[in-house]
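One structure below.
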Amino acid sequence: MAAALQCGKCQTAIPGGYFNLDHLTPCPKCSSDLQVFAFPAMFRRVEHAGPVAAEESDAACFYHLDNRAAAECASCGRFLCTVCEVEIGGEVLCPGCIHAGVTSRKLVRLENRRVLHDNITLAVALVPMLLISPTIISAPMTIFLALRFWKSPLSIVKRSKIRFVLAIVIAMVQIAFWAFVIYMAFMARGVK
């Protein structure tokens with residue numbers, strides 16, 4: 001079942017060793033950065049048809065009172081059955097704590113947003129054009145930002161690098177414009 005997950009870029013099956021790591025790992029085929037989180041139950045060999053029924057002397061799952069508890073949530077201490085326990089970064093968490101952590105952005109191991117550096121770079125190239133003079137500073141800054149964040153993950157969803165390319169082209173035109181203005185200024189001084 002682990003082969004069901006694929007790289008978002010090249011659609012290659014992702015090997016099981018790539019799941020639930022705390023860092024980005026390159027895809028084995030296209031080398032794009034991947035970070036895959038999957039429920040541990042995806043990799044378990046099931047010896048029985050479902051969770052173990054709780055007996056009177058057993059602790060029961062907080063969410064499924066008929067199931068025997070198999071773990072304890074590291075955050076809130078609730079007992080969890082094998083269906084509910086989720087291991088993230090070496091800690092077992094319950095669905096409620098995962099939801100609360102994602103909502104409050106306190107669970108940093110689950111990425112649910114990303115800075116769009118390509119949009120920022122394009123804005124640094126375009127906005128100063130409205131005033132013309134700031135482009136002498138923003139054009140080199142645009143090229144720096146594009147090169148600095150070229151290999152950074154662009155977005156959680158699939159995107160291309162067209163904004164980086166467009167920003168670099170606009171910045172190069174601005175630099176050529178300023179080079180021409182400076183050249184013409186020196187030529188005007190030399191003529192007098």
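Shown here for C73 and C94, the closest heavy-atom pair between the two residues is SG-N, 3.4 Å. Among all heavy-atom pairs drawn from D118 and R159, the shortest one is OD2-NH2, 2.9 Å. Residues I175 and P140 share a closest heavy-atom pair of CD1-N, 4.3 Å. The minimum heavy-atom distance linking F79 with A69 is given by the pair CB-CB, 3.6 Å. Contact detail for I143 and A171: the closest heavy-atom pair is CG1-CB, 3.7 Å. Counting all heavy atoms, side chain and backbone alike, K29 lies closest to C10 at CB-SG, 4.0 Å.
F177 has its side chain within reach of V181: a pair of non-hydrogen atoms, C-beta onward, lies under 4.5 Å apart. By the 4.5 Å heavy-atom criterion applied to side chains, T12 and C30 are not counted as neighbours. Within the 4.5 Å cutoff, the side chain of V86 has no heavy atoms near those of the V92 side chain. Under the 4.5 Å side-chain criterion, counting only non-hydrogen atoms from C-beta, L166 is in contact with L122. Looking at H64 and C84, their side chains come closer than 4.5 Å, going by heavy atoms from C-beta outward. For the pair Y63/P95, a side-chain contact is recorded, criterion being any heavy-atom separation below 4.5 Å from C-beta on. Within the 4.5 Å cutoff, the side chain of L34 has heavy atoms near those of the I14 side chain.
Residues I136 and M141 share a single hydrophobic cluster, defined by chaining ILVMFWY side chains whose heavy atoms lie under 4.5 Å apart. A continuous path of ILVMFWY side-chain contacts below 4.5 Å connects M172 to L147, so both sit in one hydrophobic cluster. Neither V173 nor V124 shares a network with the other; the hydrophobic side chains, linked directly or stepwise wherever heavy atoms of I, L, V, M, F, W or Y lie under 4.5 Å apart, form separate groups for each. F144 and W150 end up in the same hydrophobic cluster when Ile, Leu, Val, Met, Phe, Trp and Tyr side chains are linked at under 4.5 Å. There is no path of hydrophobic side-chain contacts, each under 4.5 Å, that joins I162 to V169.
Below 30°, between 30° and 60°, or above 60°: for F149 and H117 the angle between ring planes is below 30°, a parallel geometry.
Distance OG1/T121 to CG/L126: 11.0 Å, rounded to 0.5 Å. Interatomic distance, N119 CG to F164 CZ, rounded to the nearest 0.5 Å: 9.0 Å. Taking NZ from K9 and CG from D33, the interatomic distance works out to 9.5 Å, rounded to the nearest 0.5 Å. Interatomic distance, NZ of K151 versus NZ of K161, reported as 8.5 Å (0.5 Å rounding). Put simply, CG on L93 and CD on E72 are 11.5 Å apart, with the number rounded to the nearest 0.5 Å. If you take SG on C61 and CZ on R78, they are separated by 10.0 Å, rounding to the nearest 0.5 Å.
For the pair Q174 (side chain) and A125 (backbone), a donor-acceptor distance under 3.5 Å is present.
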